[in-house]
Amino acid sequence: MAKQLTSRKENYSQWYNDLVVKADLAENSAVRGSMVIKPYGYAIWERMQSVLDGMFKETGHQNAYFPLFIPKSFFSKEASHVEGFAKECAVVTHYRLKNDENGKIIVDEDAKLEEELIVRPTSETIIWDTYRKWIQSYRDLPVLVNQWANVVRWEMRTRLFLRTAEFLWQEGHTAHATKAEAIEEAEKMVGVYATFAEEYMAVPVLQGIKSPNERFAGAVETYCIEALMQDGKALQAGTSHFLGQNFAKAFDVQYVSKENKQEYVWATSWGVSTRLIGALIMSHSDDNGLVLPPKIAPIQVVIVPIFKNSEQLDAISSEVVKIIEQLKSKGITVKFDDRDTHKPGFKFAEWELKGVPVRLAIGPRDLENKTVEVARRDTLEKETLQLIGIADKIEHLLEQIQINIFQKALSYREDHTYSVDNWEEFTKRIEEGGFVRAHWDGTSETEQIIKGKTKATIRVIPVDEIKEEGKCILTGNHSKQRVVFAKAY
RNA sequence: CGGGGUGUGGCGCAGUUGGUAGCGUGCUUGACUGGGGGUCAAGAGGUCGCAAGUUCAAGUCUUGUCACUCCGACCA
């Protein structure tokens, strides 16, 4: 009973923390604000990486790697960019340690860097400084590059996966000859993120653009996907930016066009991070632990043998080997938990906590009857099935679970999305949590005031939606369309 | 940066008016058990965050210090 989780109702954030730690995903480290991602948590990240990486390649991108350290001077080249990140940068000032007279290790003041180095909070500056050298002619365009990397943002308050000082992510950086092409790229990539979130993570997302307040530092337009968590708070799950010519001008990246004219290139950048793991957890999991969608689960099927002695285990194992063979041939990842150090009940609870979509239990009774007990994690239902054709049934079941998890999350979001037209109802709905669709007069000031009064921000301005005119929820001024407000992580 | 809180076996905690440390869990060994987190027995494991001070005596009182954590302002 030691691994009992705090219930979501009792304390949602405690539940989240308990779950991350007890499901063996990650833990706090000796470094304040930085986490250790444990093997099971990292396996989820690897699944995400592998799918996303495939999608990036599919859309014409290549991977590369740029330095962790960025010369400080690079940051001063794009004004709004530096303003956005200046307050949370780690700075390297020295390159050597030494022993003092007491034998203590201290920084060697003689080894001060001529120019301080910034630990990248994002890589636009170093990448655009590099692109200047790569790009001369329209023949060099487009440049479609992605990198998988770690970045550091010195956050004051951190939470496992959702906000840590150092996190893992990918950042795509592209350069284009025309504005239209760059915008198309930025839109395409937010679309890739939406597809990934919905089809693989089974997390329904709203797609659209950010208000100027929420826009990326240095971007002309920020596209995003936004998900709703089970506690009614929004989570930004991915962003894609149209950077205009801001970085090209700051780093003097020009190309010669077909018409033999010097032109600045057009840019995009886009990224998702290990925060996606937080989104995954908070979208689907329950009071018994993680619930992983089959397409992301590191282990899709776990098999637990029920046995009293090694003879029984051997008999069961020879049957299990055949099942594993069939499942593997269908590309299903399966684990046979034949540890004799733990009892079946313990294993059931443990794999449930870790969110494995399907569990098979097989014991002497099943051997006699040629059956197996199949339990699904999402609904906690169990049934006993004939062994004949079991792989097909499981393959089908995994598909069903993937769909069910998505539908469940989708109906949660629909049940917690409200269109409101007066301030009183607005504040009430925001207080309760959920997406609140309301009219906004389009000004930054209004958004700031609303944020000050309710803590809600504009999460997304939907794009593919019929525009409906109205009056701003706060000021009563003219509004061209509804936008989505929520309290956010 | 402002305001709370906490530092005691691996983890979570208790420790009364000061008398030299205990509980749960986990760990080790064995037996019985095994279709939902087992039972019993026997063990191992702590300079009580650190440093001064008061005292015959400090986990406990005083001062300082360090670390962590929660709530706010800032953020993917």
Side-chain angles (χ1 to χ4, degrees), chain A residues 1-6 11 13-14 17-18 21-22 27-33 83-89 120-122 150-159 161-171 193 210 213-217 219 222 224-227 234-241 269-279 288-289 303-310 312-313 316 338-354 359-369 371-375 380 382-384 451-452 455 457 459 488-489:
Chain A
M1 297 297 173
K3 290 203 170 173
Q4 203 64 257
L5 295 170
T6 305
N11 184 340
S13 57
Q14 184 69 48
N17 280 332
D18 281 4
V21 172
K22 287 177 177 164
E27 62 190 29
N28 281 308
S29 72
V31 185
R32 181 194 156 77
E83 204 183 308
F85 287 103
K87 283 172 288 182
E88 49 187 27
C89 286
R120 63 179 166 220
T122 179
N150 58 338
V151 286
V152 169
R153 296 180 189 175
W154 213 261
E155 299 290 348
M156 297 181 221
R157 297 203 52 194
T158 58
R159 294 197 61 194
F161 288 118
L162 298 175
R163 176 166 297 110
T164 46
E166 178 187 0
F167 58 93
L168 305 182
W169 77 344
Q170 60 63 220
E171 45 181 327
Y193 290 154
K210 285 292 187 190
N213 271 345
E214 301 284 320
R215 197 177 282 154
F216 176 74
T222 289
C224 66
I225 54 170
E226 202 76 21
L235 184 78
Q236 179 172 306
T239 51
S240 176
H241 316 288
S269 68
W270 28 274
V272 293
S273 70
T274 38
R275 178 181 244 201
L276 286 178
I277 297 174
N288 295 310
I303 304 176
V304 177
I306 315 290
F307 61 95
K308 289 187 183 175
N309 50 53
S310 59
Q312 283 187 352
L313 177 60
I316 292 164
D338 62 351
R339 290 176 292 177
D340 61 1
T341 51
H342 295 277
K343 306 202 356 168
F346 180 92
K347 294 177 185 175
F348 290 178
E350 180 174 340
W351 293 114
E352 216 160 85
L353 183 62
K354 291 191 167 190
R359 182 189 70 231
L360 306 183
I362 182 162
R365 271 201 322 255
D366 295 299
L367 285 189
E368 270 180 45
N369 303 331
T371 58
V372 61
E373 183 191 81
V374 180
L380 297 171
K382 288 192 285 200
E383 58 178 334
T384 300
K451 186 179 179 184
K455 292 195 176 125
T457 49
R459 299 321 305 159
Y489 273 97

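Order of the sequence lines sets the chain letters (A, B, ...), proteins ahead of strands, with each chain counted from 1.
- Remark: A:Glu27 CD is packed, more than 12 non-hydrogen atoms of other residues, nucleotides or ligands lying under 6.0 Å away.
- A:Trp169 CH2: more than 12 foreign heavy atoms inside a 6.0 Å radius.
- At whole-Å resolution of the value, CZ in A:Arg339 and C1' in B:rG37 are 12 Å apart.
- Only the C1' atoms considered, B:rA14 is 14 Å distant from B:rU25, to the nearest whole Å.
- Using a 4.5 Å heavy-atom threshold, the side chains of A:Val272 and A:Tyr193 count as touching.
- Across all their heavy atoms, A:Gln236 and A:Arg459 have their closest contact at OE1-NH2, 3.9 Å.
- Note on A:Phe307: a base of the nucleic acid sits closer than 4.0 angstrom, heavy atoms only.
- The distance between atom CG of A:Asn213 and atom C1' of B:rC74, rounded to the nearest whole Å, is 14 Å.
- Both the sub-6.0 Å distance and the 45° axial angle are not jointly satisfied by A:Arg275 relative to the ring of A:Phe167.
- Across B:rG35 and B:rA31, the matching C1' atoms stand 23 Å from one another, rounded to whole Å.
- Annotated as anti: B:rU33, whose glycosidic dihedral deviates from 0 by more than 90°.
- One interatomic measurement links the two molecules: CZ of A:Phe216 to P of B:rA76, which rounds to 9 Å at whole-angstrom precision.
- Nucleotides B:rU17 and B:rC61 place their C1' atoms 12 Å apart, quoted to the nearest Å.
- Between A:Arg359 and A:Glu350 no salt bridge is recorded (no basic side-chain N to carboxylate O distance below 4.0 Å).
- Ranking B:rA76, B:rG34, B:rC68 by closeness to the A:Ile306 side chain, first place goes to B:rG34.
- Between the side chain of A:Asn309 and the base of B:rG34 there is no donor-acceptor pair of N/O atoms closer than 3.5 Å.
- For A:Ala349, whose side chain is taken as the heavy atoms from C-beta onward, the closest listed nucleotide among B:rG35, B:rC74, B:rG36 is B:rG36.
- Set against B:rG36, B:rU69, B:rA76, the side chain of A:Arg32 has B:rU69 as its closest nucleotide.
- The A:Ser273 side chain lies nearest to B:rA76 when the options are B:rA76, B:rG35, B:rU69.
- Between B:rC68 and B:rG30, the distance separating the two C1' atoms is 41 Å to the nearest Å.
- Atoms CD (A:Glu352) and C1' (B:rG37) sit 10 Å apart, rounded to a whole Å.
- Listed pair A:Lys343 / B:rG34 fails the phosphate criterion, with no side-chain N or O lying under 4.0 Å from OP1 or OP2.
- Comparing the C1' positions of B:rA73 and B:rA58 gives a spacing of 41 Å, expressed to the nearest Å.
- Here A:Lys382 lies in heavy-atom contact (under 4.0 Å) with a base.
- Rounded to an integer number of Å, the gap from CD of A:Glu27 to P of B:rG10 is 15 Å.
- Note on A:Phe167: a base of the nucleic acid sits closer than 4.0 angstrom, heavy atoms only.
- B:rA67 and B:rA76 have their C1' atoms separated by 28 Å, given to the nearest Å.
- When heavy atoms are screened at a 4.0 angstrom cut-off, A:Leu235 is found touching no nucleic acid atom at all.
- Distances from the side chain of A:Lys87 to the nucleotides B:rA76, B:rG35, B:rC74 place B:rC74 closest.
- Across the C1' atoms, B:rU16 and B:rA21 are found 14 Å apart, a figure rounded to whole Å.
- Going from atom CD of A:Glu88 over to atom P of B:rC1 covers 17 Å, rounded to whole Å.
- Taking side-chain N and O atoms only, A:Arg359 has no distance below 4.0 Å to OP1 or OP2 of B:rG36.
- Taking atom NE2 on A:His342 and atom C1' on B:rG35, their separation rounds to 18 Å, with Å as the unit.
- The side chain of A:Lys455 lies closest to B:rA73, out of B:rA73, B:rG37, B:rU69.
- The closest side-chain heavy-atom distance from A:Thr164 to A:Glu155 is not below 4.5 Å.
- Computed from coordinates, the A:Asn150 CG to B:rA76 P distance equals 18 Å when rounded to whole Å.
- Taking 4.5 Å as the limit, some side-chain heavy atom of A:Thr384 sits within range of a side-chain heavy atom of A:Asp366.
- Checked by atom type, the side-chain pair A:Thr6/A:Asn11 shows no donor-acceptor distance below 3.5 Å.
- Within the nucleic acid shown, A:Gln236 comes within 4.0 Å of sugar-phosphate atoms alone, with no base atom in reach, counting heavy atoms only.
- A:Ser13 comes within 4.0 angstrom of no nucleic acid atom, judged by non-hydrogen atoms across all strands.
- RNA chain B contains the following stems of three or more consecutive Watson-Crick or G-U pairs, with both distances under 3.5 Å: B:1-7 with B:66-72, B:10-13 with B:22-25, B:27-32 with B:38-43, B:49-53 with B:61-65.
- Along RNA chain B, the nucleotide nearest to A:Gly238 and the one nearest to A:Asn17 differ in position, and the one closer to the 5' end is contacted by A:Asn17.
- In summary, the side chains of A:Thr122 and A:Arg120 do not present any donor paired with an acceptor at a separation below 3.5 Å, with no hydrogens or angles considered.
- Nucleotides B:rA44 and B:rU6 are separated by 34 Å at their P atoms, to the nearest Å.
- Applying the 3.5 Å distance criterion, the base of B:rG35 shares no donor-acceptor pair with the side chain of A:Lys347.
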